[in-house]
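All ligand and atom numbering here is 1-based and tracks the order in the structure.
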Amino acid sequence: MAKHIEPGPFAYFEGDYVPIEKANVSILTHSFNYGTALFEGIRGYHCPDTNNVLIFRLKEHVDRLVRNFAILCMNVPETRADIERICVELVKRSGFREGVYLRPIGYKCERSLGPKVHDVASSFCCWIMKLGDYVDIDSGLDVVVSSWRRLSDNAIPSRAKAVGGYVNSSLASSEAKQAGFDEAIFLREDGSVSEGSAMNLFIVQDGTLITPPPTADILLGITRNTVMELASKELGIPVVERSIARTELYVCDEVFFTGTGAQVAPVRSVDRRKIGNGEPGPISKKLQDLYFQVVQGKVAKYAHWCTPVY
Ligand code: PMP
């Protein structure tokens, strides 16, 4: 679902905190012309008991971003510690005491001609907005297998979370929504299941959680990792990473998506075939419940995943 961005009052831009109106790049910028940027999406959850905002798995998001810099040969002056600090500071400066979304971006900031990744100067910026639920997480989504194939790792690696790669996501998302569905499922060039436009996919079959492996042209989602850990360690649900065939989606017991934006979003139909009884399945719901407990800092064992802002 495209949401209009109502940004917070400040952004981090060119080494400083600036009013959001001042955080602008030129049309000459390399990343604007060639898609040579990569980004993260991080949520902060409001905890009503303490009136604090808890940033979920900040360290893991920043670690993924900085590792991905290598794919685009990006050297930014900010360290992992700096980026973590900037995220916390932006929430603080905005004064938000509700759900927030942070968007750190590494981008090729030079004004130079020619598509390449080496020897082009990079910069780091970050903006923030308020964010509640991004997709319907209660009634179950109606989804469709896309006619667009997922980008392969040898074309534009999904794992990089590269800006240019989101053309692929945009095409699939629009196709699905214009046809009246809520979301798309990408297949890979070999026909196996990959992921959604901006979310990972799980199926449940006979009590086992199954999700495509890291080599299935997916982004290695942090919510994916969270759900896998909670399923196996807290709920005793076996988790298997393996290739999934398209028709497994039609005959399995449950399907759900995971993602920072999507959170844990049950699916009720795929290609107009009802999944289970056409309602969010029991395992999807259990994982969703536990996920929301964890992100609000209510499960002591996972409190280290929540960074308090205030
Ligand atoms: N796949 C894609 C293509 C995405 O854009 C996202 C959203 N970041 C995800 C999966 C889910 O990843 P995460 O759980 O880390 O947000």
I'd like the atom pairs linking ligand 1 to the protein - N or O on both sides, separation under 3.5 Å - with distances to 0.1 Å.
from: ligand 1; atom 1: 1 (N); to: Glu195; atom 2: OE1; distance (Å): 2.6
from: ligand 1; atom 1: 5 (O); to: Lys161; atom 2: NZ; distance (Å): 3.2
from: ligand 1; atom 1: 5 (O); to: Tyr166; atom 2: OH; distance (Å): 2.5
from: ligand 1; atom 1: 8 (N); to: Lys161; atom 2: NZ; distance (Å): 2.8
from: ligand 1; atom 1: 14 (O); to: Ile222; atom 2: N; distance (Å): 3.3
from: ligand 1; atom 1: 14 (O); to: Thr223; atom 2: N; distance (Å): 2.9
from: ligand 1; atom 1: 14 (O); to: Thr223; atom 2: OG1; distance (Å): 2.5
from: ligand 1; atom 1: 15 (O); to: Arg64; atom 2: NH1; distance (Å): 2.8
from: ligand 1; atom 1: 15 (O); to: Arg64; atom 2: NH2; distance (Å): 3.0
from: ligand 1; atom 1: 15 (O); to: Ile222; atom 2: N; distance (Å): 2.7
from: ligand 1; atom 1: 16 (O); to: Thr260; atom 2: N; distance (Å): 2.9
from: ligand 1; atom 1: 16 (O); to: Thr260; atom 2: OG1; distance (Å): 2.6

Answer yes if the ring centres of Tyr107 and Phe39 are under 6.0 angstrom apart, and no otherwise.
-> no
Give a yes or no on whether the ring-centroid distance for Tyr17 and Phe10 is below 6.0 angstrom.
-> no
Is the shortest distance from a Lys or Arg side-chain nitrogen in Glu248 or Arg242 to a carboxylate oxygen in the other one below 4.0 Å?
-> yes
For Val167, side chain to side chain contact (heavy atoms under 4.5 Å, CB included) partners two or more places apart | Leu171
Counterpart residues, side chain to side chain contact (heavy atoms under 4.5 Å, CB included), relative to Val309 (two or more places apart) | Asn52, Val53, Ile55, Val88, Val91, Lys92
Just list the side-chain donor-acceptor pairs under 3.5 Å for residues 110-120, sequence neighbours left out, or say none.
from: Glu110; atom 1: OE1; to: Ala121; atom 2: N; distance (Å): 2.7
from: Glu110; atom 1: OE2; to: Ser112; atom 2: OG; distance (Å): 3.2

